[in-house]
Amino acid sequence: MSGLTPYDPRCEHLTEPLGLDEPSPRFGWRLRSAEGGQRQTAYRIRVAEAGGDSRWDSGWVPGSDHAAVIYAGPPLRPRTRYDWTLELRDVTGAACAPLSSWFETGVGQPGTGRWTARWIHADPAIVPPAQPPGPSDRSERTRRLTPPVQFRREFSLAAAPGRARAYVAARGVYELRVNGTKAGDQELAPGWTEYRRRIQYQAYDITGLLRAGRNAVAITVADGWWCGYVGGDTRQHARHYGVRPELIAEITADDVTVGTGTEWRYGDGAIRYADLLMGSRTDTRAATAGWDRPGFDDASWPRAVLSQTPDVTLAAQPDQPVRVTLTLPAVSVRRVDGAGGVAGVGGAAGERRVVDFGQNMAGRVRLTVRDAPAGNVIAIRHGEALETDGGGLYTRNLRTAEATDVYVTGGGAAEVFEPQFTVHGFRYAEVTGHAIAADDVTAQVMHNDTPWTGEFECSDPLLNRLAANIGWGQRSNFVAVPTDCPQRDERQGWLADAQVFAPTACRNADLAAFFARWLRDVRDGQSTDGAFGDIAPMVGVRPEGAPGWGDAGVLIPWQLWLEYGDKRVLEQSWDSMTAWVAHIVRHNPDLLWRHRAGSNYGDWLHVGEDTPRDLVATAYFARSARTVADTARVIGHDPGGYDDLASRIAAAFTAEFARPDGTVGNGTQTGYLLALAFGLVTGETARQAFGRLAASVADNGPLTGFLGLPLLCPVLAAHGRADLAYAVLQREDYPSLGYQIAQGATTIWERWDGWTAERGFQAAEMNSFNHYALGAVGDWLYGGIAGIGQRGAAYRDIVIAPVPGGGLTWACARQTTVRGVIASEWHIEGDQLTVEVDLPPGPDCEVVLPGEFPGGTRHVLVPGRHTLSAAWPMPHPPSKTPD
Ligand code: BGC
């Protein structure tokens with residue numbers, strides 16, 4: 001048997017997906033081997049209906065494709081489980097141990113997909129069961145919120161089913177319970193999409209939850225993104241999509257089908273409101289005990305009514321759901337006095353305690369309340385920071401998001417409170433109304449459960465903290481959509497933030513499915529004129545996308561191709577990519593992007609260096625045009641026109657903004673970076689431009705905003721000034737990310753100076769302490785310091801080119817790529833540099849080492865582990881002249 005081992009079988013980028021609507025799913029796997037020089041030479045995939053007939057046999061296919069093998073059998077049947085088996089041959093032609101997995105189709109296979117269930121909602125004409133009059137501790141905004149709706153239905157089964165599924169979607173956010181037990185482990189389902197076009201449904205295996213006799217299905221639906229507070233809209237009650245939650249659900253148990261309709265009844269219960277931004281209120285005394293189990297008397301509950309809301313596509317969720325992925329203990333619990341707390345919540349003499357979890361994050365607090373009398377009101381407020389005077393919670397930067405969860409006790413000996421249908425961005429929680437102990441409180445970290453794929457570590461603790469902060473920024477902001485920030489009343493899918501961070505994000509985690517899913521919302525938000533938006537899904541105003549923002553519709557699909565070899569996302573994006581470029585050309589025939597540039601934010605949040613907006617715009621225009629040309633080459637379109645367009649935009653850029661002495665625009669760092677990184681200046685102009693950039697960085701540190709910063713370290717290093725790239729990352733003076741760390745940051749801040757000793761907090765209107773955008777430097781930790789890179793896509797042509805420097809004595813990175821794990825590690829001991837690489841099976845790899853090594857600095861190595869060493873420091877620092 002071969003020493004080549006395939007592992008991690010995936011279908012549509014997912015492990016054992018349940019509920020797949022894609023008619024031609026793609027299969028992928030990773031490779032590892034303890035033997036050097038291994039690679040796959042042929043594969044064979046067989047797909048069979050579970051326990052049944054074969055549906056497809058690819059036959060033996062020569063080659064090394066392992067990232068996206070497309071199913072090419074007869075049409076798949078809906079709601080059907082398929083087993084698939086992978087066989088491989090290795091470099092010697094020997095067979096590898098076969099690998100098996102499964103996927104199950106959902107409701108919506110084209111041509112066959114059918115929902116028998118109907119959308120339902122509470123009857124607006126029937127007053128819902130009485131609500132207690134607004135308690136004094138309810139704010140103006142939360143008084144406008146109503147209880148989540150509890151829908152239920154019972155049915156009988158003659159026997160325990162052999163196979164049962166639930167397919168559920170909501171206009172709102174829901175939780176499914178079957179016979180008293182929560183089904184699945186996801187949170188905030190069905191997630192957020194462009195609801196006017198598409199709502200996701202989730203599939204659940206509920207076989208083990210049903211039984212012979214009476215069964216109860218109980219589904220709670222809260223406002224969520226559908227009709228809760230969403231986005232930066234501070235109007236009364238911002239309802240972007242609808243006015244009340246709606247539900248559709250279909251349960252199949254062998255040959256019995258139960259779908260939502262007018263037989264379902266509804267009521268309310270312990271949760272008095274639950275909102276993503278405002279928080280929630282749970283009053284245990286209002287619980288309708290047993291409502292989620294069979295036998296509950298619901299005769300007094302009204303019947304649901306059928307929805308008149310226009311139908312939209314119901315699409316199986318194609319990516320990993322939001323889950324609680326980590327639980328953090330309290331680092332400290334401290335009593336605070338003075339003003340604060342929640343009006344009306346007195347509890348035990350107004351006791352307030354501030355819990356520090358030691359880490360900024362997105363999620364919720366889980367509280368165990370012991371020996372509290374019934375009716376005790378406990379309030380949990382969330383914040384990212386403490387006021388500097390006296391240590392109370394700082395919440396002004398949340399703007400209108402109240403982020404407060406209230407719990408009214410029921411008098412049990414130990415009651416557990418886990419707020420539902422809400423999520424907050426916080427490091428600290430202030431608990432009022434109960435004297436909690438550290439053991440009784442934890443923080444539950446929530447985000448889309450995308451597999452973590454990257455690790456970086458080195459001898460400098462500052463860089464390690466930077467890598468950790470970047471990772472936490474990512475964990476906190478991949479919640480349903482890639483958000484700008486998880487705490488204030490915004491939490492939207494801003495395109496530029498996602499675009500600049502995508503290369504780093506894809507190193508840290510497998511985002512193939514997540515980003516591909518969100519890109520549908522990006523495309524759905526495109527105007528008829530071809531303009532992508534600034535945010536997706538679109539809420540509130542619908543401006544045309546700004547330069548660097550709208551361009552995400554071109555650049556993120558390309559990133560997914562590079563990282564995961566996902567050609568389909570390029571094919572799906574092609575029309576919208578070309579429409580975007582055509583839109584800019586149409587309104588800017590001189591190829592300088594000055595018109596229809598949306599809100600044209602420029603280099604957002606730069607440090608006093610305002611790069612001309614038309615310069616930034618034109619650079620991005622060139623970049624998108626070039627990327628469209630590259631895309632054409634990959635998916636078989638004619639790139640000629642786009643190559644030509646990109647060259648003409650570059651020429652227009654040079655003529656307008658670059659001078660022979662190398663000055664670009666008004667001489668800002670970002671101007672130089674865009675010109676150099678996007679290849680818009682060449683030759684002597686580029687050399688001079690780089691000199692000016694390097695001088696500015698040496699004198700000032702980084703002065704860029706969101707758009708310039710990701711380019712800074714790669715450009716400095718590519719032009720022979722890795723020393724400056726290190727200096728940027730290791731600096732602790734303002735402005736720098738090290739400065740944030742020196743102030744105690746555990747995530748990446750929105751602003752370089754979110755808090756300073758001299759001034760305190762930045763303006764509360766815009767001061768998030770958990771924005772991932774500036775964390776885009778993370779790509780260089782992997783690709784620069786550790787040197788993990790590639791030519792082309794999907795790590796077929798791996799290039800490892802570590803860049804020692806910055807006084808580090810060692811650094812290492814491991815990245816689980818589509819091909820397998822790539823590791824690069826280096827150590828400096830005395831005058832010796834040792835580099836160890838681990839290269840996954842596949843084509844040979846190139847390792848480019850600094851300094852003088854036996855056999856030169858370029859080595860072509862077969863897959864496997866290698867150790868190289870040579871004299872250090874380099875006698876001649878490498879220098880590269882821009883072409
Ligand atoms: C967001 C940003 C976003 C920007 C647009 C802000 O409010 O938080 O991250 O990109 O608006 O300029």
Side-chain angles (χ1 to χ4, degrees), residues 192 229-235 238 276-277 360 362 384 396-401 403 424-425 469-470 472-474 476-502 504-505 518 521-522 525 531-553 555-556 597-607 609-611 613 616-617 620 670 704-710 737 740 745 747-754 761-777:
W192 189 14
Y229 288 93
V230 173
D233 190 338
T234 52
R235 287 171 306 155
L276 294 165
L277 299 183
N360 206 4
E384 297 181 287
R396 274 168 291 148
N397 68 331
L398 308 189
R399 307 196 302 214
T400 65
H424 312 294
N469 288 8
I470 293 168
W472 276 102
Q474 178 161 342
S476 313
N477 282 299
F478 283 70
V479 180
V481 301
T483 58
D484 54 340
C485 54
Q487 73 298 85
R488 68 181 177 218
D489 59 354
E490 185 142 0
R491 310 189 197 177
Q492 299 183 107
W494 283 96
L495 268 63
D497 305 45
Q499 179 262 115
V500 297
F501 190 60
T504 301
W518 179 66
D521 300 324
V522 171
F532 289 118
D534 274 338
I535 52 171
M538 283 271 193
V539 286
V541 284
R542 298 179 151 246
E544 294 183 340
W549 272 252
D551 295 287
L555 301 177
I556 296 181
S599 303
N600 207 351
Y601 304 106
D603 186 26
W604 185 243
L605 297 182
H606 58 79
V607 188
E609 274 206 347
D610 203 356
T611 309
R613 310 269 157 129
V616 175
Y620 261 97
T670 292
T704 70
F706 278 22
L707 300 184
L709 187 66
L737 296 171
Q740 301 181 349
T747 36
I748 301 291
W749 296 354
E750 176 176 28
R751 311 187 69 146
W752 294 99
D753 57 351
F761 292 104
Q762 249 288 7
E765 305 82 68
M766 209 183 75
N767 194 25
S768 145
F769 290 103
N770 202 351
H771 246 64
Y772 56 48
L774 295 179
V777 295

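Both ligands and their constituent atoms are indexed starting at 1 by order of listing.
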Sub-3.5 Å N/O-N/O distance, R488 and ligand 1: yes
Ligand 1 to E490 polar contact by distance, N or O atoms, under 3.5 Å: yes
Min heavy-atom dist Q492 to ligand 1 below 4.0 Å: no
Exam field: side chain R751 to backbone M766, donor-acceptor pair closer than 3.5 Å: yes
R396 side chain to A764 backbone, donor-acceptor under 3.5 Å: no
Output the list of atoms in ligand 1 that are nearer than 4.0 Å to some heavy atom of [X], sorted by atom number.
| X | result |
| --- | --- |
| D484 | 1 (C), 8 (O), 9 (O) |
| E750 | 8 (O) |
| D497 | 2 (C), 3 (C), 9 (O), 10 (O) |
| Y601 | 5 (C), 12 (O) |
| H771 | 1 (C), 2 (C), 8 (O), 9 (O) |

Parallel, tilted or perpendicular: rings of W494 and Y601 (30°, 60°): perpendicular
Ring geometry between W549 and F706 (parallel below 30°, tilted from 30 to 60°, perpendicular above 60°): parallel
Minimum-distance protein heavy atom relative to atom 5 (C) of ligand 1: W494 CZ3, 3.5 Å
Distance from atom 4 (C) of ligand 1 to nearest protein heavy atom, with residue and atom: W604 NE1, 3.7 Å
Reported CG-to-CG distance for the pair L276 and D489, which is rounded to 0.5 angstrom: 12.5 Å
Side chains of T611 and D603, donor plus acceptor under 3.5 Å: no
Which atom of N360 lies closest to which atom of T747, heavy atoms considered: ND2-OG1, 3.1 Å
